[in-house]
Colleague: 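Below you will find the structure I want to go over with you.
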Amino acid sequence: MGNRPMASFLVAYERSATSSKICTLYEMNLERINKQFMNTQIYGTAIDEQGAFRHEVKLPSGDLTVYATQQLFSSLDYKVFDMANNNLQIPDIRYMSYTPDVHVGVGTCIGTTAVWDARSGYVSPSIVGSDIGCGMRVHMTNLHKDDLKDVKLRRKLVKAIEKVLPMEANQRGHYSDIRLEHIVRKGLHGLPKKYIPDSYTPKKSTSLTHVESSKFAFDESVLELVPDMTWHRAHRQLGTLGGGNHFAEIQAIEIAEENRSIAEAWGLSDGQIVVMIHSGSRAWGGYVSQMSSSAILKVMQRHGWGTSDPKLIFAPLEHAEGRHYVNMMYSALNYAVTNRHLIAYAMREAFREVFGSKCEFSTLYDLMHNYAWEEHHPELGRVFVHRKGATRALPAGHTDNPKPYLTTGHPALIPGSMGTASYIMVGQPGGADNYYSICHGAGRIRSRTATKRLVKVEDFEAALRVGTEDEIVVNQRSLESILDESPQAYKNVDEIIESVTGAGLAQVVAKCKPLAAVKGAKS
DNA sequence: ATGTGC
């Protein structure tokens, strides 16, 4: 496949005077390794496949598949290979891969898909990530981008959103009529009816059941161990955005010509205004992650389990602590889905205030990128799939699609960095090789601290076209406070998208260009 | 990411 020449990479530790552990990727002819690299200890090798969009990497602990353009692949931080090598030491791992937006995280890279047998396998809080259930949600309006041409109107909209959507640190949500106990047990089913308004239901789309029925069933007795303080904080935080890369964005979409029929079937049209939300399980998921990780760590120490990275936490699925984590994780998935729903509910209120009560706000989809759960695999049977910063994108016809999306595949929601485009995609049959995982966003290229040191506020302002009629209006008065979220902190999302389309994992249905955004920040 | 952790 593809007409580009095959290339090979050497993943190597160089021994030099200053360092003996620097891993480097060399593009080279494998036959000449020994002659050219006298001071190099071969750590692993990578072979390009599928026209250089897929790389099969052989590491000491096992095999890793990396989906990326050749350029992205060769620019990867060596630490991601070290991290993969540690993760591959967890027993009985069936499969591990990286998406092109991969970058270093705690214990496991963000951008990882890792698979075990669902009965005899392992679960790892490190390969779920600390923001359990974090994900994306998109709502479709009946507004056109021309309706938002006036920068003053975009400002008015952002002001209206600020009034109804808590986004400053420590700011509390205002849902005292919602019982948190019902939310973590039943997800959206735990919400009072008033929060599921009829007008959410799109006229065209057949049903919202894919989202509204989201419910992660688990052994609810684990909830008894959660301390009062966590219940209290998590309740106050319901419907709040959170900080970091979380956002709610108003975007205008452009339909990809080759997928126009899918776009129309989903209710998307050229120039349409959509609202994209990125948030997670807030303090509830944070508590689950922290408490489970320390409980499992104790078990690991007792049994002498572990890899070279002490921060890589894992336990057998059948072990009591492993099961406990899975149960608690599902409560956090319920929290996260409901949290995004309530953020959308508030956004809808703001839109109705500015554009009137006829403003539609139907749900396109809600999709997580930090979780682990059971899936069916045609050859392996029941498997336990972890996705940390990876999005599941099912193709047309896959029976795990929610009914309304069975014939098209479901929307896969991929955020870009601030000021750059986001994407609505659909999975392709080629994704089967990767358990249908695709990228989850642009992927960080520099740390928050490094970004604050290197990027100037002026660069961020330019990216947002501040001061022009086309300005992407942001709620934060001080861009300084969210400088670590500037596009210069991230990889180019277009190249990430090119990687997954090139590899045959997914196709673009719509490109979403930002018009306004709200973000949380430290106060 | 997190009412972060010293």
Side-chain angles (χ1 to χ4, degrees), chain A residues 83 101-112 124-137 165-175 180 184 226-248 277-295 297 310-313 325 328-329 331-333 335-340 343 368-372 386-391 415 417-418 440-444 446-452 476 481-485 489-490 518-523:
Chain A
M83 215 153 236
D101 47 334
V102 65
H103 58 104
V104 169
V106 178
T108 299
C109 289
I110 292 104
T112 298
S124 166
S126 311
I127 324 183
V128 169
S130 52
D131 191 2
I132 299 166
C134 182
M136 308 301 303
R137 187 177 179 102
L165 176 63
M167 52 194 131
E168 296 303 319
N170 306 333
Q171 203 181 343
R172 59 194 297 174
H174 29 230
Y175 297 103
L180 178 58
V184 295
V226 178
D228 290 348
M229 181 58 99
T230 303
W231 284 103
H232 179 68
R233 279 184 185 161
H235 185 251
R236 281 171 41 134
Q237 280 185 337
L238 258 180
T240 63
L241 201 49
N245 58 3
H246 292 166
F247 66 79
I277 292 161
H278 182 193
S279 190
S281 53
R282 312 289 280 111
W284 183 271
Y287 164 81
V288 171
S289 179
Q290 242 175 327
M291 295 316 289
S292 293
S293 293
S294 51
L297 183 61
K311 289 197 167 149
L312 180 54
I313 309 292
Y325 171 68
M328 286 300 294
M329 173 180 57
S331 77
L333 300 184
Y335 186 106
V337 172
T338 311
N339 192 44
R340 280 191 294 276
I343 291 167
M368 309 174 295
H369 49 233
N370 283 1
Y371 63 103
H386 298 66
R387 294 194 178 86
K388 182 182 188 181
T391 303
S417 51
M418 276 194 84
H440 87 303
R444 197 161 266 284
R446 46 180 69 96
S447 67
R448 295 189 182 279
T449 40
T451 306
K452 282 181 174 161
Q476 295 293 338
S481 66
I482 52 169
L483 195 54
D484 50 353
E485 284 296 315
Y490 287 91
V518 296
K519 283 190 76 79
K522 287 185 184 183
S523 46

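The sequence lines fix the lettering, A, B, ..., with proteins before strands; numbering per chain opens at 1.
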Colleague: Tell me what A/Gly244 touches on the nucleic acid: a base, only sugar-phosphate, or nothing, going by heavy atoms under 4.0 Å.
Modeller: sugar-phosphate

Colleague: Under 4.0 angstrom, heavy atoms only, what part of the nucleic acid is A/Gly242 near: base, sugar-phosphate, or nothing?
Modeller: sugar-phosphate

Colleague: Contact class for A/Gly129 vs. all strands (heavy atom < 4.0 Å): base, sugar-phosphate, or nothing?
Modeller: nothing

Colleague: Using chain A heavy atoms and a threshold of under 4.0 Å, write down where along DNA chain B the contacts begin and end, 5' to 3'.
Modeller: B/dA1 to B/dG5

Colleague: Using side chain to side chain donor-acceptor pair (under 3.5 Å) as the criterion, list what pairs up with A/Ser124, not counting sequence neighbours.
Modeller: none

Colleague: Using a cut-off of 4.0 Å on non-hydrogen atoms, how would the nucleic acid contact of A/Arg282 be classed: base, sugar-phosphate, or nothing?
Modeller: sugar-phosphate

Colleague: How long is the span from the CZ atom in A/Arg282 to the CG atom in A/Asn339, to the nearest 0.5 Å?
Modeller: 7.0 Å

Colleague: Return the orientation label for the A/Trp284 and A/Tyr335 ring planes: parallel under 30°, perpendicular over 60°, tilted otherwise.
Modeller: parallel

Colleague: Using modelled atom types only, decide if a donor and an acceptor are shared between the side chain of A/Ser289 and the backbone of A/Gly286 within a distance under 3.5 Å.
Modeller: no

Colleague: Should A/His278 and A/His440 be marked as a ring pair (Phe, Tyr, Trp, His ring centres under 6.0 Å) after you check the CA-CA gap, both sets of side-chain angles, and the distance that decides it?
Modeller: CA-CA 11 Å; A/His278 182 193; A/His440 87 303; 7.3 Å; no

Colleague: Please evaluate residues A/Arg387 and A/Thr112 with respect to the criterion side chain to side chain donor-acceptor pair (under 3.5 Å), reporting the C-alpha separation (whole Å), side-chain torsions for both, the decisive distance (0.1 Å), and the verdict.
Modeller: CA-CA 6 Å; A/Arg387 294 194 178 86; A/Thr112 298; over 6 Å; no

Colleague: Applying a 4.0 Å non-hydrogen cut-off, can you work out what A/Asn370 is touching in the nucleic acid: base, sugar-phosphate, or nothing?
Modeller: nothing

